[in-house]
Amino acid sequence: MPLSSPHALDSSAVLAWYDLHARDLPWRVSPADRRTGVKPDPYKIWLSEVMLQQTTVAAVKSYFVRFTSLWPTVFDLANAPLDSVLREWAGLGYYARARNLHACAVTVVRDHGGVFPTSSVALQSLPGIGAYTSAAIAAICFDEPVAVLDGNLDRVLARYYALSVPVRDAKEQLRAALQVAVPHRAGDFAQAMMDLGATICAPRNASCLICPLQPGCMAAREGNPLLYPIKPAKAERPVRKGHAFVMLDAAGDVYLQSRPGKGLLAGMTEVPTSEWSADLVDPIYPLPANWRHRGQVVHIFTHFRLELEVWSAVVPPEGLDGGWWSEPALLGGEALPTLFRKVLAAAGLDG
DNA sequence: AATGCGGGGTG
DNA sequence: CACCCAGCATT
């Protein structure tokens with residue numbers, strides 16, 4: 001199923017468009033500055049790329065500013081306790097990224113003197129850096145002529161070639177087609193293609209009349225670019241149900257504990273819950289007390305929908321093991337994922 | 001090659 | 001609601 005278009009991918013046209021319309025992002029060196037010799041800081045590009053994995057630019061911006069303010073260099077981040085990194089990451093999701101981020105900083109400091117490797121191959125051996133992120137860092141920071149293929153590019157290329165199969169089944173063909181188009185300005189080209197995907201060739205809106213790739217785009221030629229990329233069959237999302245127990249002591253402090261180091265929300269902070277199952281079972285309270293039902297929280301994960309009944313009670317401070325008591329005013333500094341901030345809010349506490 | 005892993009923006 | 005986002009690690 002060969003890719004075909006009457007025109008090769010026109011990287012010159014894409015770069016010309018980028019020179020005029022590049023997005024202004026906190027981690028980015030503008031194409032104008034790039035031409036005068038300004039080079040991106042690999043630490044900041046790496047940090048931004050990890051945060052941007054499956055995460056929108058809008059969601060990342062404030063986290064990026066906060067992280068670079070707290071930890072301006074890879075040495076600062078490597079020396080920070082993992083717990084504080086997890087706390088600052090709370091709310092951004094995919095928490096394995098935060099653990100790998102810290103592990104990567106430690107590795108770069110310990111094994112590389114605090115200097116990031118400059119090749120995509122070497123970068124990919126570091127924790128949390130895969131095919132996409134290694135290519136992005138190498139291209140943006142060092143102009144390595146490598147194909148940088150993310151979700152935006154999947155869509156742009158699937159449309160450009162009117163790809164008749166799901167991207168998953170033609171990934172290497174798309175990579176090869178992109179690879180031969182990579183110009184001397186590899187970093188700007190990578191960022192240009194992603195900007196194009198985020199603004200002109202968006203998931204549910206394609207502005208083909210102003211697209212620099214329009215002359216060769218097979219989907220535009222067919223007339224309905226939104227038909228691409230072809231979606232694989234979607235799996236149904238099961239429901240899981242359970243109970244969450246918000247315990248307060250006489251002073252009004254909340255009982256918190258850590259989740260296991262592996263699996264869902266690994267290592268993050270929570271209030272105790274029941275098991276989550278397809279059918280709601282009667283609550284088994286952690287302690288006997290005057291439990292009050294405070295409502296229901298619904299939270300959507302990628303692969304299931306969770307419905308938690310929220311209970312609260314004032315309990316004696318003994319009889320609990322392994323957790324800690326936190327003042328409500330200090331909950332903002334705990335490593336609480338969004339799910340448990342919703343639970344605490346349902347119980348009448350600030351997340 | 002498939003699956004598990006968050007949360008928010010957007011139409 | 002559904003869809004998707006500058007994907008990676010694990011199996």
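Chain A is the first sequence line, chain B the second, and so forth, proteins listed ahead of strands; every chain is numbered from 1.
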Distance check: side-chain N/O of Gln54(A) vs OP1/OP2 of dG7(C), anything under 4.0 Å?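 Checking dG7(C) against Gln54(A), a side-chain N or O does come within under 4.0 Å of OP1 or OP2.
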Can you see if the side chain of His299(A) gets near the phosphate of dG7(B) - specifically, an N or O under 4.0 Å from OP1 or OP2?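 Yes.
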Just checking [X]: base, sugar-phosphate only, or nothing, at a heavy-atom cut-off of under 4.0 Å?
{"X": "Trp46(A)", "answer": "nothing"}
{"X": "Ala131(A)", "answer": "sugar-phosphate"}
{"X": "Ile129(A)", "answer": "sugar-phosphate"}
{"X": "Ser48(A)", "answer": "nothing"}
{"X": "Arg99(A)", "answer": "nothing"}
{"X": "Gly263(A)", "answer": "sugar-phosphate"}
{"X": "Asn205(A)", "answer": "nothing"}

Passes salt bridge (charged side-chain N to carboxylate O under 4.0 Å, His left out), Arg34(A) versus Asp143(A)? Steps please. CA-CA 11 Å; Arg34(A) 191 72 192 81; Asp143(A) 279 321; 2.9 Å; yes
Taking the same atom, P, in dA6(C) and in dC5(B), what whole-Å distance lies between them?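 My reading of the P atoms in dA6(C) and dC5(B) gives 23 Å.
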Geometric class of the Trp291(A)/Phe245(A) ring pair [parallel <30°, tilted 30-60°, perpendicular >60°]: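 If you compare the ring of Phe245(A) with that of Trp291(A), the planes turn out perpendicular.
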With no hydrogens and no angle check, just 3.5 Å: does a side-chain donor-acceptor pair link Tyr161(A) and Gln173(A)?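 No, no side-chain donor-acceptor pair sits under 3.5 Å.
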Ion pair Lys171(A)/Asp154(A), N-O distance below 4.0 Å: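 Yes.
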